[in-house]
Each structure stands twice: as C-alpha cells, then as structure tokens.
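Computed from a predicted structure; not experimentally measured. Chain letters run A, B, ... following the sequence lines, proteins first and then strands; every chain starts at 1.
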Amino acid sequence: MLNPDGAGAPAGSRLLEARGIRKSYAALEVLRGVDLVVERGELVFLIGPSGSGKSTLLRCCNRLEEPSAGTLLVDGVDLMSPRIDINRARRQIGMVFQGFNLYPHLDALGNVTLALRKVLRLSRRDAEARAMETLALVHLQDKARSYPGQLSGGQQQRVGIARALALEPKIILMDEPTSALDPELVGSVLGVIRELRERGMTMVIASHEMGFARSAADRVLFLEGGVIVEQGTAEQVFTSAREARTRQFVQQIMH
Amino acid sequence: MSAWDRFAFTFLNLEVARTYWLDIAAGISVTVFVGIVVVATGLSLGLVLAGLRSLGLRVVTWPILVFVDLFRSLPPLAIILVIYFGLPNVGIVLPSLVVLWLSLSAVLAAFAEEVFWAGITSVAPGQWLAARSTGLTFGQTFAHVILPQAAKLAVPPLTNRTITITKNVALGSAIGVSDILGQANSALAMSTNATPLTIGAIFYVILFLPLVVASRRLERRFAWGVAGS
C-alpha cells in the first residue's frame, strides 16, 4: 500500500520537480531560486543552518507557503497551475512536522482517520481499518486510543508519520522530524523512516542526523542563505565537500 | 408595626402572592422562549463572525470589528430603547419581542465573537499547517481541528455570557414585553405591593440555578485529555 508505483504513473521517474523556487517575506528573501528534484523512491536529506530556508522550501513544495516564483511539478502535475485543486493535490504529499502538530483533542486513531474520513470520504469503519494498518506500520497499534498528551515524543511523531502515510502519498516531506525528541527516542522514529525507505517511499527530510543520512540517504543537499550550496552523496558532502562553507557547517554539526 | 412586620407586609405578602403568582408564572414561558432564541441566534452569529474573521481578509475583518466594538460598548437597554422608539421615526415599526430578540442577539454575538476569536487565536498555528497538509479545506480544518480546541477555552466565558444575556431578557419589560419581570411589574403596580418582585426573584432562581449548574458540567466535559504540544 505504500508504493503505488506502476498503475497510471507517468513514464518519468521524477516525482518532485521544484525549479527556481523563490520566497520573500516583505523585504526578506528566504529562498533565492532553489531547485529540488527528487526521483521516485529516493531519500533526500536537506541540511543547513537554522534560517537557511529548509522549512520554507518544504512548505513551498505543497504550497502551504505560497512560492513567490518558480515551477512545481509533483508526479507530472503542475501545482502552480491556477486551475489546480490544491487540497486534492496535497493528499499526494505527506508532511511531518518538527513539533508533531498532532490534534490534541483526538486520540491517535482520530488523528489518523480525520483526513481519511473528510478528504478521502471513507466510512468510519474503512477509515479506522486503514488507520489501524497504518498505526501498525509505525508500531503503535496498541496506542490507537491514547491521546497525544499521553504519548512520548517519539510515539507522537510516529503518529504524525502515520497520519501522513495513511493517505498513501507519493512523497513525504519531513521537517526536522527528530529534533524535538529526547535522544533516547530518536531511534524509534528513525527506525520507522528506515522501514518506509525499504518499502520504497520517496522522502525529503530536513534533518541533521548525520549517521542516519550516511546509512540511508541517497543524496544530501546543503542549503544556506536561500540557495543550494552543494549536493552529493552523504559521503561526499560530509567528508569531501567541495565548498569551504559546506565543510565548515559539517564540522559544526559533528560536534 | 415592627420593622420586620412592615418588611413582611411589603415583600412577603401571602395575600398578594396568592392573587398574582399565576400571572407572573405566565412570564416564565416568555423569558425562556426569548432566552433560547437569543442564545441560538447570538452564539451562531458570533461563531460565524469569528470564522469569517479568521479568513484574515481586511474587507471582512474591519466591519466585523466595528460591529463587535459597537455592541460591546453600548448598554443593552440603550440599544433596545433606540430601536424600539427610534426606528418608527423612519417608518420601521417592529414588535417589542422582535426588538428584544434583535438587540440581545446582537449584543451576545458581539461578545461571543470576541470569545470565539480568542479561542481560535490560542490554537497553535501548526494545527492549521498539519490539517491543511492532509488536504483538509479551510472550512474542514476550522470545523474539525480549530473549533474543538477553541471551544475548550471558549466554553467557560460563553456560558457566563449566555447566562447574563438571558437575564437581560428582563430589559424587555421596559418596552412592554410580558416576561417574568414585566409581569411582576404589572402586578406591583396593581397591588401597590412589592411581593410580586419577590415572586419574580424566586422564579429567576428556579430558572437560572439549574442553568448555572449545567454550565459547570459543560465546562468539565470540554476539559478533555492532557494539554497537547
């Protein structure tokens, strides 16, 4: 259920194709022409200092933030088209947040079923069946009836992943999924992300988990000052970066 | 005649009570009816205004703020009197019940809008982001994610406002509405004795005490779960 490859998919292997993305807030230009192209099944890591535009870039990819300029194709569909039904398009793009952003008034099951029922219009029974399957994928089937306030950070984030996953998106964007977690809880979330990758899920993750990037990422992008400074495999970027600025940043996050 | 006897004769006169209590009781249905209609109208209108305001469009927000600030600052009695005695001058004659309904609904809506709005702004912005990212529309997000959380904060002040505005139905007696106080006033005039006011007060307690207790229950019901992140 995770990898809706094949049926009806266009021939091209590019799943996300964002080009020349710019975003300004009044006089402040946060993104200054960023290209983010992600192949089907690829796991891309986005690193960069805080304020470099990582969150903004991810939010521009489903137009939670409106790009000031640029083109945006998701599985061949032009998301910047004036005729696009953006709510429909967003189902294809899962999003996971640093602060989890779970709905505190709903239990884990309710968090996952809300969009299944209201967006996909599934019956309560079907929505709950699918939500339970998805919660099982993040190893939380026994926490379905717990409220966010009763769950640990790691569990909350896994519910957040399940909420995105249940809509069977083509790609999941994760904005620092582990940086609000206590160190001992990071592993459980990274474990789930690794399993998603093995199932072929396409993901873009803003994160500084370098060990994880080394073992799981296909590509690492270094974003600074609203532009991609450098990109390559984790090995290249972390150990033999071409740009001095990249090496300097990598030095900083190693410690 | 001792002071107590004088007091009892004026306020606790059984003779007067026996004569007029049924008339005053007839006012209960008016108070309850107007109260229910005003609460339904005022709360819905307040919610709609707060929802429109959360769209963040200046052309919508501005008139809402003018309405809200105007009706929060005017005394309800002044609004009632102006509409009742003022509008006929421009050819609009409204029955006193309608004037009472419109005035009190507008006042409740103004306060309710502010209460709902405070609740809405207290919800973390990440909730909008998360909900919209799953494809929920603005309206769905508002109804299923934002409002339930805003309600938690809004319910206690709203129940207070609701109780206050229902008691203000008594202001209708100034324009001839025969609610509990209106009936008590008539009986007072006819009997030249204050006992009808005592009876009216007793009816108010019988009517509103359960409401106050119920509102406490409601507040507990809305205190769901543990505070989220």
Between B:R132 and A:N87: side-chain donor-acceptor atoms closer than 3.5 Å = yes

request  = Answer yes or no: is there a side-chain heavy-atom contact under 4.5 Å between B:K152 and A:H105?
outcome  = no

inquiry  = Looking at B:W101, I'd like to know if its CH2 atom is crowded, meaning that more than 12 non-hydrogen atoms belonging to other residues, nucleotides or ligands lie closer than 6.0 Å.
reply    = no

key: Sub-4.5 Å side-chain heavy-atom contact between A:F97 and B:S133   = yes

ask   = Does atom CZ of B:R72 have more than 12 heavy-atom neighbours from other groups under 6.0 Å away?
value = yes

inquiry  = Counting only heavy atoms not in B:F33 (residues, nucleotides, ligands), do more than 12 fall under 6.0 Å from its CZ?
reply    = no

message = Just checking A:R19: does its CZ atom have more than 12 heavy atoms from other residues, nucleotides or ligands closer to it than 6.0 angstrom?
response = yes

request  = Can you measure from CZ (A:R88) to OG1 (B:T137) and round to the nearest 0.5 angstrom?
outcome  = 14.0 Å

message = Can a donor-acceptor pair be found, under 3.5 Å and without considering hydrogens, that links the side chain of B:Q127 to the backbone of A:P104?
response = no

key: Interchain contact, A:L167 with chain B, by part (heavy-atom threshold 4.5 Å)   = side chain

remark   = So OG1 of B:T141 and OH of A:Y103: to nearest 0.5 Å the spacing works out to 7.0 Å

request  = Step by step, work out the side chain to side chain contact (heavy atoms under 4.5 Å, CB included) result for B:T134 and A:R163.
outcome  = CA-CA 8 Å; B:T134 63; A:R163 177 172 64 186; 4.2 Å; yes

task = Could you please spell out the steps behind the side chain to side chain contact (heavy atoms under 4.5 Å, CB included) verdict for B:V145 and A:L114?
result = CA-CA 9 Å; B:V145 176; A:L114 182 63; 3.5 Å; yes

ask   = Which region of A:R63, side chain (C-beta onward) or backbone (N, CA, C, O), has a non-hydrogen atom less than 4.5 Å from a non-hydrogen atom of chain B, or is it both or neither?
value = neither

ask   = Counting heavy atoms not belonging to B:W21, are there more than 12 under 6.0 Å from its CH2?
value = no

